[in-house]
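The analysis underlying the following values was restricted to heavy atoms, covering all of them including side chains, and did not include hydrogens, waters or symmetry mates. A, B, ... follow the sequence lines: proteins, then strands. Residue 1 opens every chain. Computed from a predicted structure; not experimentally measured.
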2 protein chains.
Amino acid sequence: MTIKDIQELLEAKGVKPSITRLKILDYLQRHRSHPSVDEIYRNLVQEIPTLSKTTVYNSLELFVENHLAQVLHVGDNENRYDADVSSHGHFKCLSCGKIYDFGIDFENIKVEGLEGFRVYDKSVYCQGICPHCKVNEKEVTNGKYGKRRNAYRQN
Amino acid sequence: MTIKDIQELLEAKGVKPSITRLKILDYLQRHRSHPSVDEIYRNLVQEIPTLSKTTVYNSLELFVENHLAQVLHVGDNENRYDADVSSHGHFKCLSCGKIYDFGIDFENIKVEGLEGFRVYDKSVYCQGICPHCKVNEKEVTNGKYGKRRNAYRQN
DNA sequence: GTTCCTGCAAAAGCTTTGCAGAAGA
DNA sequence: TCTTCTGCAAAGCTTTTGCAGGAAC
């Protein structure tokens with residue numbers, strides 16, 4: 001996708017294509033690793049020295065509102081952004097932390113108890129171990145588990 | 001579920017049933033509104049004046065590790081907890097903010113691209129408008145939308 | 001006595017807000 | 001000029017960490 005395409009995409013969604021927004025959306029399009037605000041900022045500030053995080057926040061919020069991106073809540077207390085707004089699921093590897101996309105047939109998910117609800121969007125999120133980490137497997141190195149509190153051992 | 005049941009549940013999962021943990025798990029069992037740490041704290045501190053938020057965090061973490069509760073990331077930059085660890089989906093109403101449970105047939109969700117992955121858990125999350133808010137409908141009052149930035153209007 | 005639990009205070013980290021200057025039409 | 005965009009600094013919140021006193025066994 002060229003810069004010209006990004007510009008047209010922004011305009012098509014009613015978002016003014018400032019250079020900052022162009023660059024942020026371009027970054028999102030090129031880096032499908034579901035970057036955080038901080039990652040986007042750290043990379044783009046090298047090219048746009050006056051960039052501020054506030055602007056990154058503002059732009060991403062605008063993108064989400066206008067369906068140019070979606071926000072993921074993957075439980076690191078940090079939002080992740082994805083320029084792919086089509087329906088797909090996300091998988092987080094508990095070992096390496098990487099987030100993978102996967103295809104999913106949303107239409108055929110059978111749901112019970114949402115009668116009368118207006119559903120705007122559905123998302124599916126999985127956790128586990130990715131094939132790469134399975135190979136090098138020793139143990140889950142994620143510091144989030146077994147950190148401070150120990151389970152009670154009955155005797 | 002009586003306190004005695006809660007105690008046995010904790011012991012069965014290898015978690016020492018201290019009075020604090022009992023009360024926190026009891027609260028979670030009784031309030032299926034997916035409370036936040038702060039909500040749990042504010043309610044229980046009235047009964048246990050010396051309670052600290054740290055302890056609430058610690059206990060909930062212990063519960064999650066030992067499958068006594070699950071943590072939800074519903075995008076308020078705040079963790080929510082659910083004592084129902086069975087497979088079910090969550091729906092957030094964008095108008096009132098309430099989170100609803102719904103049934104879902106996880107086994108039959110067709111997924112493509114997770115071959116070779118070890119999947120520990122799947123979750124489904126939807127957003128929209130609940131029946132109650134649909135009735136009183138005017139507009140989505142959620143302050144998160146249209147807050148600070150305006151979309152570009154082409155002329 | 002040893003281990004585990006609890007909690008205060010402080011730190012850390014992400015996100016939002018206020019306000020003002022800059023840019024664009 | 002008027003509106004919109006940008007960004008610094010500060011504030012707001014949730015969560016984590018260090019450390020120590022206390023409870024349990």
What is the distance, rounded to the nearest whole Å, between atom CD of Glu11(B) and atom C1' of dC4(C)?
16 Å
I'd like to know whether NZ of Lys23(B) has more than 12 heavy-atom contacts from other residues, nucleotides or ligands below 6.0 angstrom.
no
If the cut-off is 4.0 Å, is Asn79(B) near the phosphate of dT15(D), judged by side-chain N/O to OP1 or OP2?
yes
Atom-to-atom span, CG of Leu62(A) to P of dT16(C) - whole angstrom:
14 Å
Take the protein atom CD1 of Ile19(A) and the nucleotide atom P of dC5(D), then report the distance between them rounded to whole Å.
15 Å
Any chance CZ of Arg32(B) has more than 12 other-residue heavy atoms, nucleotides or ligands included, within less than 6.0 Å?
yes
Separation of Phe63(B) atom CZ from dC5(C) atom C1', in whole Å?
13 Å
Answer with base, sugar-phosphate or nothing: what part of the nucleic acid does Thr50(A) contact at a heavy-atom distance below 4.0 Å?
sugar-phosphate
Ser18(B) near the nucleic acid: base, sugar-phosphate alone, or nothing, with a heavy-atom cut-off under 4.0 Å?
sugar-phosphate
OP1, OP2 of dT6(C) versus side-chain N and O of Thr20(B): anything below 4.0 Å?
yes
To the nearest angstrom, the NZ-C1' distance between Lys53(B) and dT15(D) comes to 10 Å
Each nucleotide N or O in nucleotides 11-13 of chain D that has a protein N or O under 3.5 Å away: list the pair and distance.
none

Just the rounded figure in Å: distance from C1' of dT6(C) to CG of Leu60(B).
14 Å
So what does Asp38(A) hit on the nucleic acid, given a heavy-atom distance under 4.0 Å: a base, only sugar-phosphate, or nothing?
nothing
Under-3.5 Å N/O pairs linking protein and nucleotides 21-24 of chain C:
none

